[in-house]
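Contents: one structure, followed by commentary.
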Protein chains: 2
Amino acid sequence: MSLKYGILGLLSYGPMTGYELNRAFHASLAFFWKATMSQVYRELKQMEQKGWVSATTIIQHNGKPNKKEYTLTQEGREAFVRWLSGPVVDSDLEVRSAFLMKIFFSAQNSPMINRENLHRFKEISRKQLSALQQETAIQEYGQKIQDKRSVTYWELTRQFGERYYQLCVEWAEMALATVEDQGQ
Amino acid sequence: MSLKYGILGLLSYGPMTGYELNRAFHASLAFFWKATMSQVYRELKQMEQKGWVSATTIIQHNGKPNKKEYTLTQEGREAFVRWLSGPVVDSDLEVRSAFLMKIFFSAQNSPMINRENLHRFKEISRKQLSALQQETAIQEYGQKIQDKRSVTYWELTRQFGERYYQLCVEWAEMALATVEDQGQ
DNA sequence: TTAATCATGTAACACGTTACATGATTGC
DNA sequence: GCAATCATGTAACGTGTTACATGATTAA
């Protein structure tokens, strides 16, 4: 559901190709929404049929393959605004964690494997945290497009991510201590 | 991917019907994994074909519909243990948040709607937090089944949830202050 | 010479969501 | 009388994942 609106949102800054949309996704929305190339192309096809975006083929020379640039239509912009201004519902907050599923059943695992898994979780979280802290794309874009209001909101999502991974690291330390304490 | 293992994990505590599995899901795993009835029935059918679970029909009198009780087979238990003892991978930590997607683009929204959305997010998070704090299922089960080791791990997932929703509430307060500060 | 980048997709499968169907019993 | 609980599912659709296909250019 949200992938559609992620694409519309990115196109609201200006026209882009599927390939560029994919890069933009990875550079900015990846912390809270992952998308693959084939998904992006499929959504673009569907949205073109709906009339939310329109495509223009750009012929390239120098041996590079032709591009299809997508532009937001009036209906597309309206659909985006309807979603954006619509209310926040319970399901927008849903959490899904394969890792916690594993932890839930981990009493049936060997203590050694549990310690390893918790350590690995902590390390991955730490890496994600420092990646988000060193994130400069927001500042760069902000200086380029001179849109102070956008930067505020982009920065809020980044800060959520920072706090989240901070939590993961601290929880992992607590969990490791608990598991050791119990002599497991 | 994880729904399968959630079902196998619950069946590792003893045989259950699809209906009971659904209730168990809502009572224990719901914070980090949501499942619907039809999904549970579909997975059970697939896993029966794979030979991971076996079904026994229990004829009921007193007007109630017949039940099908599912039991973990040896192969099912092996598949579960393979998953449980397998390494934690990056994708096990993936975050997906429709709410943050909306915040990311919220510079294009009216300031009033943004304040409303942040307030609503804070309220939902607060409710989830107090629901998790008042959660007693873990203690009850623990006393019933006398499995101290399981309780430790169940409790770790609950604590992750508590910390997570605490973070949400605090972040929302910070975000509201930021948005007000900017005169938006 | 090998991998990465640019650029488009298709096909098949897996998983998640929503609506529908049946029908007795129990509590408000 | 109406909603909830017990208990099973099917069907259709929507979304996410993985593998495959093409083919030139550029940097290590």
Side-chain angles (χ1 to χ4, degrees), chain A residues 1-8 15-27 29-30 32-50 52 55-70 83 89-92 94-98 101, chain B residues 1-8 15-27 29-30 32-50 52 55-70 83 89-92 94-98 101:
Chain A
M1 189 90 244
S2 290
L3 175 59
K4 250 179 199 50
Y5 298 105
I7 291 172
L8 293 180
M16 270 190 251
T17 68
Y19 193 83
E20 285 164 350
L21 275 164
N22 188 51
R23 310 211 82 221
F25 246 94
H26 283 92
L29 317 179
F32 52 85
W33 209 278
K34 308 266 182 287
T36 59
M37 282 273 11
S38 39
Q39 235 187 315
V40 170
Y41 283 121
R42 184 172 53 187
E43 288 295 340
L44 283 169
K45 201 165 76 178
Q46 283 171 18
M47 290 200 289
E48 199 185 351
Q49 273 163 16
K50 272 194 198 181
W52 289 7
T56 319
T57 303
I58 295 173
I59 289 119
Q60 292 201 117
H61 313 285
N62 59 314
K64 280 183 188 164
N66 291 342
K67 305 174 172 194
K68 273 171 87 177
E69 199 164 64
Y70 289 90
W83 167 77
V89 291
D90 289 30
S91 63
D92 291 337
E94 251 175 45
V95 176
R96 203 171 279 241
S97 169
M101 178 83 86
Chain B
M1 186 93 245
S2 291
L3 176 60
K4 250 179 199 50
Y5 299 105
I7 291 172
L8 293 179
M16 269 190 251
T17 67
Y19 194 83
E20 286 164 350
L21 275 166
N22 188 50
R23 309 212 82 222
F25 245 92
H26 283 91
L29 318 179
F32 53 86
W33 209 278
K34 308 267 181 287
T36 59
M37 283 272 14
S38 38
Q39 236 186 313
V40 170
Y41 283 120
R42 185 172 53 187
E43 289 295 338
L44 283 169
K45 201 166 73 178
Q46 283 171 19
M47 291 200 290
E48 200 184 353
Q49 272 162 16
K50 273 195 200 179
W52 289 6
T56 319
T57 303
I58 295 173
I59 288 119
Q60 292 203 117
H61 314 284
N62 59 314
K64 279 183 190 168
N66 292 344
K67 305 175 174 195
K68 272 172 86 176
E69 200 164 63
Y70 289 89
W83 167 77
V89 291
D90 289 29
S91 64
D92 290 337
E94 250 176 44
V95 176
R96 202 171 279 241
S97 168
M101 178 82 87

For this session: Would you state whether a donor and an acceptor, one from the side chain of B:Arg42 and one from the base of C:dG16, lie under 3.5 Å apart?
Result: yes
Exercise. When only distance counts, do a donor and an acceptor, one from the side chain of A:Ser38 and one from the base of D:dT18, lie under 3.5 Å apart?
Worked result: yes
What is the distance, to the nearest angstrom, from the [atom1] atom on [X] to the [atom2] atom on [N]?
X	N	atom1	atom2	answer
A:Met37	C:dA7	CE	P	11 Å
A:Asn66	D:dG23	CG	C1'	13 Å
A:Lys67	C:dT5	NZ	P	17 Å
A:Asp92	C:dT17	CG	P	13 Å
A:Gln46	D:dG16	CD	P	11 Å
B:Leu3	D:dG16	CG	P	17 Å
A:Lys4	C:dT17	NZ	C1'	14 Å
B:Phe25	C:dG16	CZ	P	9 Å

Exercise. Quick one: on DNA chain D, does B:Tyr70 or B:Glu94 contact a more 5' nucleotide (nearest heavy atom)?
Worked result: B:Tyr70
Seminar exercise, completed: Judged by nearest nucleotide, the residue sitting upstream toward the 5' end of DNA chain D, B:Lys68 or B:Arg96, is B:Lys68
Exercise. What are the two closest heavy atoms between A:Arg96 and B:Lys34, and how far apart are they?
Worked result: NH2-O, 4.3 Å
Problem set entry | Atom of A:Tyr70, atom of A:Ala55 and distance for their closest heavy-atom approach | CE2-CB, 3.6 Å
Problem set entry | Phosphate-side-chain proximity, A:Tyr41 and C:dG9, N/O vs OP1/OP2 below 4.0 Å | no
Exercise. Under 4.0 Å: is that the gap between some side-chain N or O of B:Gln39 and OP1 or OP2 of C:dG16?
Worked result: yes
Exercise. B:Lys45 near the nucleic acid: base, sugar-phosphate alone, or nothing, with a heavy-atom cut-off under 4.0 Å?
Worked result: sugar-phosphate
Problem set entry | Heavy-atom check, side chain of A:Met47 versus side chain of A:Leu8, under 4.5 Å | yes
Exercise. Distance from B:Thr17 atom OG1 to B:Tyr41 atom OH, nearest 0.5 Å?
Worked result: 6.0 Å
Side chain of [X] (C-beta onward), nearest among [options]:
X	options	value
B:Met1	C:dC15, D:dT15, D:dT8	C:dC15
B:Thr17	D:dT8, D:dG16, D:dC6	D:dT8
B:Tyr19	D:dG16, D:dT17, D:dC6	D:dC6
B:Arg23	D:dC6, D:dT15, C:dT17	D:dC6

Problem set entry | Parallel, tilted or perpendicular: rings of A:Tyr5 and A:Trp83 (30°, 60°) | parallel
